[in-house]
Enquirer: 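Below you'll find the structure I mean.
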Number of protein chains: 2
Amino acid sequence: MKKLFILMLAAVTFAACNKPNEKMNKCENEEMSRCENALLVRIAEIEVNEGYLEQYLAAAHNVGTKSVETEPGVICIFPMQVKEQPNTIRIVEIYRDQEAYQSHLQTSHFLEYKQGTLHMVKSLKLVDTNPLAPESMLLIFKKF
Amino acid sequence: MKKLFILMLAAVTFAACNKPNEKMNKCENEEMSRCENALLVRIAEIEVNEGYLEQYLAAAHNVGTKSVETEPGVICIFPMQVKEQPNTIRIVEIYRDQEAYQSHLQTSHFLEYKQGTLHMVKSLKLVDTNPLAPESMLLIFKKF
(Lines give C-alpha, C1' and ligand atoms only; values in the text may rest on other atoms or scores of the structure.)
Protein backbone atom coordinates (compact mmCIF):
# COMPACT_ATOMS: atom_id res chain seq x y z
CA MET A 1 0.00 0.00 0.00
CA LYS A 2 2.83 2.34 0.98
CA LYS A 3 4.66 1.46 -2.23
CA LEU A 4 1.50 2.06 -4.26
CA PHE A 5 1.14 5.47 -2.63
CA ILE A 6 4.76 6.33 -3.37
CA LEU A 7 4.26 5.25 -6.98
CA MET A 8 1.13 7.39 -7.18
CA LEU A 9 3.10 10.35 -5.85
CA ALA A 10 5.78 9.66 -8.42
CA ALA A 11 3.20 9.40 -11.18
CA VAL A 12 1.38 12.61 -10.42
CA THR A 13 4.59 14.56 -10.28
CA PHE A 14 5.91 13.48 -13.61
CA ALA A 15 6.36 17.09 -14.57
CA ALA A 16 7.61 17.92 -18.03
CA CYS A 17 8.65 21.00 -19.91
CA ASN A 18 7.94 22.06 -23.44
CA LYS A 19 10.71 23.50 -25.51
CA PRO A 20 10.90 27.28 -25.04
CA ASN A 21 9.34 28.77 -28.15
CA GLU A 22 10.53 31.76 -30.18
CA LYS A 23 8.78 34.22 -27.92
CA MET A 24 10.59 32.79 -24.93
CA ASN A 25 13.97 32.67 -26.64
CA LYS A 26 13.55 36.30 -27.61
CA CYS A 27 13.60 37.11 -23.91
CA GLU A 28 17.37 36.81 -24.00
CA ASN A 29 17.52 39.98 -26.08
CA GLU A 30 14.32 41.77 -25.16
CA GLU A 31 13.74 44.27 -22.40
CA MET A 32 13.03 42.37 -19.17
CA SER A 33 9.69 44.04 -18.57
CA ARG A 34 8.35 42.74 -21.92
CA CYS A 35 9.32 39.17 -21.03
CA GLU A 36 7.85 39.52 -17.56
CA ASN A 37 4.60 40.62 -19.15
CA ALA A 38 4.62 37.72 -21.62
CA LEU A 39 5.45 34.78 -19.36
CA LEU A 40 2.92 33.53 -16.78
CA VAL A 41 4.44 31.90 -13.70
CA ARG A 42 2.10 30.76 -10.94
CA ILE A 43 2.07 28.68 -7.78
CA ALA A 44 -1.19 26.76 -7.36
CA GLU A 45 -1.89 25.80 -3.73
CA ILE A 46 -4.34 22.90 -3.49
CA GLU A 47 -5.76 21.24 -0.38
CA VAL A 48 -7.23 17.82 -1.09
CA ASN A 49 -10.14 16.42 0.94
CA GLU A 50 -9.34 13.50 3.26
CA GLY A 51 -9.66 10.17 1.47
CA TYR A 52 -9.29 11.59 -2.03
CA LEU A 53 -5.52 12.11 -2.25
CA GLU A 54 -4.69 9.15 -4.49
CA GLN A 55 -7.65 9.84 -6.82
CA TYR A 56 -6.71 13.51 -7.02
CA LEU A 57 -3.06 12.73 -7.77
CA ALA A 58 -4.12 10.40 -10.57
CA ALA A 59 -6.37 13.05 -12.13
CA ALA A 60 -3.69 15.72 -11.74
CA HIS A 61 -1.11 13.43 -13.33
CA ASN A 62 -3.40 12.88 -16.31
CA VAL A 63 -4.11 16.55 -16.95
CA GLY A 64 -0.51 17.59 -16.26
CA THR A 65 1.05 15.20 -18.73
CA LYS A 66 -1.61 15.78 -21.41
CA SER A 67 -1.17 19.54 -21.08
CA VAL A 68 2.59 19.62 -21.54
CA GLU A 69 2.43 16.97 -24.26
CA THR A 70 -0.28 18.59 -26.36
CA GLU A 71 -0.04 22.32 -25.57
CA PRO A 72 3.12 24.14 -26.73
CA GLY A 73 2.09 27.09 -24.55
CA VAL A 74 2.21 25.01 -21.36
CA ILE A 75 5.93 25.25 -20.68
CA CYS A 76 6.22 23.54 -17.31
CA ILE A 77 4.12 21.95 -14.56
CA PHE A 78 6.04 21.01 -11.43
CA PRO A 79 4.04 19.66 -8.45
CA MET A 80 5.28 19.28 -4.88
CA GLN A 81 3.68 17.78 -1.76
CA VAL A 82 4.01 19.76 1.48
CA LYS A 83 5.70 17.42 3.98
CA GLU A 84 3.87 18.66 7.07
CA GLN A 85 0.52 18.67 5.26
CA PRO A 86 0.47 15.64 2.90
CA ASN A 87 -2.93 16.67 1.52
CA THR A 88 -1.51 20.02 0.42
CA ILE A 89 -0.07 20.12 -3.10
CA ARG A 90 1.78 23.08 -4.59
CA ILE A 91 2.28 23.24 -8.31
CA VAL A 92 4.63 25.65 -10.07
CA GLU A 93 3.06 26.32 -13.46
CA ILE A 94 4.75 28.18 -16.32
CA TYR A 95 2.75 29.24 -19.39
CA ARG A 96 4.10 30.97 -22.49
CA ASP A 97 1.66 33.85 -22.08
CA GLN A 98 -1.88 34.76 -21.00
CA GLU A 99 -3.24 33.57 -24.35
CA ALA A 100 -1.70 30.11 -23.85
CA TYR A 101 -3.17 29.93 -20.35
CA GLN A 102 -6.66 30.93 -21.52
CA SER A 103 -6.41 28.34 -24.29
CA HIS A 104 -5.38 25.71 -21.69
CA LEU A 105 -8.52 26.45 -19.66
CA GLN A 106 -10.65 25.52 -22.70
CA THR A 107 -9.03 22.16 -23.45
CA SER A 108 -11.08 18.99 -22.97
CA HIS A 109 -8.47 17.44 -20.66
CA PHE A 110 -8.47 20.48 -18.36
CA LEU A 111 -12.28 20.75 -18.28
CA GLU A 112 -12.53 17.00 -17.56
CA TYR A 113 -9.99 17.35 -14.71
CA LYS A 114 -11.74 20.42 -13.29
CA GLN A 115 -15.18 18.84 -13.26
CA GLY A 116 -13.92 15.43 -12.12
CA THR A 117 -12.02 16.75 -9.09
CA LEU A 118 -14.46 19.41 -7.79
CA HIS A 119 -15.50 17.15 -4.88
CA MET A 120 -11.87 16.22 -4.10
CA VAL A 121 -10.54 19.76 -3.74
CA LYS A 122 -11.09 21.37 -0.34
CA SER A 123 -9.44 24.65 -1.32
CA LEU A 124 -7.57 26.15 -4.26
CA LYS A 125 -5.45 29.28 -4.19
CA LEU A 126 -3.73 30.61 -7.30
CA VAL A 127 -0.69 32.73 -6.50
CA ASP A 128 0.41 34.70 -9.57
CA THR A 129 4.04 35.72 -9.52
CA ASN A 130 6.26 37.97 -11.56
CA PRO A 131 8.11 35.57 -13.90
CA LEU A 132 11.42 37.05 -12.84
CA ALA A 133 14.29 36.90 -15.30
CA PRO A 134 13.03 34.53 -17.99
CA GLU A 135 16.65 33.96 -18.99
CA SER A 136 17.07 32.09 -15.73
CA MET A 137 14.48 29.61 -16.97
CA LEU A 138 16.36 29.34 -20.24
CA LEU A 139 19.45 28.60 -18.13
CA ILE A 140 17.58 25.73 -16.49
CA PHE A 141 16.34 24.53 -19.87
CA LYS A 142 19.60 24.91 -21.76
CA LYS A 143 22.32 24.21 -19.22
CA PHE A 144 22.17 20.50 -19.88
CA MET B 1 13.45 54.35 -11.10
CA LYS B 2 10.95 51.83 -12.52
CA LYS B 3 13.60 50.55 -14.89
CA LEU B 4 16.10 50.26 -12.04
CA PHE B 5 13.56 48.28 -10.05
CA ILE B 6 12.89 45.99 -13.01
CA LEU B 7 16.63 45.46 -13.42
CA MET B 8 16.92 44.68 -9.71
CA LEU B 9 14.13 42.14 -10.04
CA ALA B 10 15.90 40.66 -13.03
CA ALA B 11 19.19 40.55 -11.15
CA VAL B 12 17.92 38.89 -8.02
CA THR B 13 16.19 36.24 -10.03
CA PHE B 14 19.15 35.19 -12.07
CA ALA B 15 18.56 31.64 -10.92
CA ALA B 16 20.94 28.95 -12.04
CA CYS B 17 21.16 25.21 -11.78
CA ASN B 18 24.10 22.98 -11.09
CA LYS B 19 24.56 19.88 -13.18
CA PRO B 20 22.73 16.96 -11.60
CA ASN B 21 25.40 14.85 -9.94
CA GLU B 22 25.71 11.06 -9.85
CA LYS B 23 23.39 10.73 -6.90
CA MET B 24 20.71 12.64 -8.79
CA ASN B 25 21.22 10.75 -12.03
CA LYS B 26 20.87 7.49 -10.13
CA CYS B 27 17.33 8.53 -9.37
CA GLU B 28 16.34 7.40 -12.84
CA ASN B 29 16.99 3.81 -11.80
CA GLU B 30 16.51 3.90 -8.06
CA GLU B 31 13.36 3.31 -6.10
CA MET B 32 11.41 6.57 -5.89
CA SER B 33 11.34 6.61 -2.10
CA ARG B 34 15.15 6.63 -1.92
CA CYS B 35 15.35 9.62 -4.26
CA GLU B 36 12.63 11.42 -2.35
CA ASN B 37 14.64 10.92 0.80
CA ALA B 38 17.86 12.16 -0.79
CA LEU B 39 16.70 15.29 -2.61
CA LEU B 40 15.65 18.38 -0.65
CA VAL B 41 13.05 20.57 -2.36
CA ARG B 42 11.73 23.58 -0.48
CA ILE B 43 9.69 26.72 -1.00
CA ALA B 44 10.99 29.63 1.06
CA GLU B 45 8.34 32.30 1.70
CA ILE B 46 9.91 35.65 2.58
CA GLU B 47 8.18 38.91 3.47
CA VAL B 48 10.47 41.92 3.12
CA ASN B 49 10.08 45.01 5.32
CA GLU B 50 8.82 48.17 3.57
CA GLY B 51 11.67 50.18 2.09
CA TYR B 52 14.15 47.31 2.00
CA LEU B 53 13.01 45.44 -1.12
CA GLU B 54 15.78 46.55 -3.46
CA GLN B 55 18.49 46.00 -0.82
CA TYR B 56 17.09 42.58 -0.02
CA LEU B 57 16.91 41.57 -3.69
CA ALA B 58 20.54 42.58 -4.16
CA ALA B 59 21.65 40.50 -1.15
CA ALA B 60 19.52 37.55 -2.28
CA HIS B 61 20.98 37.77 -5.78
CA ASN B 62 24.49 37.71 -4.37
CA VAL B 63 23.98 34.67 -2.15
CA GLY B 64 21.91 32.86 -4.79
CA THR B 65 24.48 33.12 -7.55
CA LYS B 66 27.44 32.39 -5.22
CA SER B 67 25.68 29.31 -3.89
CA VAL B 68 24.94 27.69 -7.24
CA GLU B 69 28.34 28.68 -8.63
CA THR B 70 30.43 27.37 -5.75
CA GLU B 71 28.32 24.60 -4.17
CA PRO B 72 27.74 21.46 -6.27
CA GLY B 73 25.07 20.40 -3.77
CA VAL B 74 22.96 23.51 -4.44
CA ILE B 75 21.14 22.30 -7.53
CA CYS B 76 18.70 25.13 -8.15
CA ILE B 77 17.47 28.43 -6.69
CA PHE B 78 14.43 29.91 -8.43
CA PRO B 79 12.89 33.08 -6.91
CA MET B 80 9.49 34.56 -7.75
CA GLN B 81 7.76 37.76 -6.61
CA VAL B 82 4.09 37.49 -5.61
CA LYS B 83 2.18 39.93 -7.85
CA GLU B 84 -0.43 40.96 -5.28
CA GLN B 85 2.21 41.32 -2.54
CA PRO B 86 5.37 42.75 -4.16
CA ASN B 87 7.26 42.51 -0.85
CA THR B 88 6.61 38.77 -0.74
CA ILE B 89 9.24 36.58 -2.41
CA ARG B 90 8.95 32.84 -2.90
CA ILE B 91 12.03 30.84 -3.71
CA VAL B 92 12.02 27.25 -4.91
CA GLU B 93 15.26 25.72 -3.63
CA ILE B 94 16.61 22.32 -4.63
CA TYR B 95 19.54 20.76 -2.76
CA ARG B 96 21.25 17.45 -3.53
CA ASP B 97 20.59 16.15 -0.03
CA GLN B 98 20.40 17.16 3.64
CA GLU B 99 24.19 17.11 3.90
CA ALA B 100 24.52 19.60 1.03
CA TYR B 101 21.95 21.87 2.68
CA GLN B 102 23.68 21.76 6.07
CA SER B 103 26.97 22.54 4.33
CA HIS B 104 25.30 25.49 2.55
CA LEU B 105 24.21 26.93 5.91
CA GLN B 106 27.86 27.08 7.00
CA THR B 107 29.24 28.91 3.96
CA SER B 108 30.56 32.44 4.39
CA HIS B 109 28.28 33.82 1.65
CA PHE B 110 25.16 32.38 3.33
CA LEU B 111 26.15 33.56 6.82
CA GLU B 112 26.92 37.03 5.42
CA TYR B 113 23.52 37.13 3.68
CA LYS B 114 21.70 35.88 6.80
CA GLN B 115 23.29 38.44 9.13
CA GLY B 116 23.09 41.28 6.60
CA THR B 117 19.38 40.88 5.90
CA LEU B 118 18.03 40.17 9.41
CA HIS B 119 16.59 43.71 9.66
CA MET B 120 15.13 43.53 6.14
CA VAL B 121 13.14 40.32 6.60
CA LYS B 122 9.73 40.73 8.23
CA SER B 123 8.93 37.03 8.15
CA LEU B 124 10.42 33.80 6.81
CA LYS B 125 8.61 30.51 6.36
CA LEU B 126 10.35 27.41 5.07
CA VAL B 127 7.97 24.95 3.43
CA ASP B 128 9.64 21.56 2.98
CA THR B 129 8.12 19.46 0.24
CA ASN B 130 8.44 15.91 -0.98
CA PRO B 131 10.74 16.17 -4.01
CA LEU B 132 8.26 14.30 -6.13
CA ALA B 133 9.60 12.32 -9.07
CA PRO B 134 13.22 13.41 -9.31
CA GLU B 135 13.21 12.15 -12.91
CA SER B 136 10.92 15.07 -13.73
CA MET B 137 13.73 17.42 -12.68
CA LEU B 138 16.10 15.48 -14.89
CA LEU B 139 13.59 16.02 -17.70
CA ILE B 140 13.76 19.75 -17.10
CA PHE B 141 17.55 19.62 -16.94
CA LYS B 142 18.10 17.31 -19.89
CA LYS B 143 15.32 18.08 -22.31
CA PHE B 144 17.24 20.91 -23.90
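The model shown is predicted, which means the values in this text are computed figures rather than measured ones.
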Enquirer: Looking at B/K125 and A/E84, is any side-chain nitrogen of the basic one under 4.0 Å from a carboxylate oxygen of the acidic one?
Expert: no
Enquirer: Examine whether an atom of B/V127 lies under 4.5 Å from a heavy atom of chain A, and if so say whether it belongs to the side chain, the backbone or both; otherwise answer neither.
Expert: side chain
Enquirer: A/M80 and B/I43: which non-hydrogen atoms are nearest, and at how many Å?
Expert: CE-CD1, 3.8 Å
Enquirer: Any chance you could measure A/F78, atom CZ, to B/I94, atom CD1, to the nearest 0.5 Å?
Expert: 5.0 Å
Enquirer: Would you indicate whether the side-chain heavy atoms of A/D128 and B/K83 approach each other to under 4.5 Å?
Expert: yes
Enquirer: List the residues meeting side-chain contact (heavy atoms from CB on, under 4.5 Å) with A/L126, not counting sequence neighbours, and say none if there are none.
Expert: A/R42, A/A44, A/Y101, A/L124
Enquirer: Mind checking side-chain contact (heavy atoms from CB on, under 4.5 Å) for B/Q102 and listing every partner two or more places apart, or none if nothing turns up?
Expert: B/Q98, B/L105
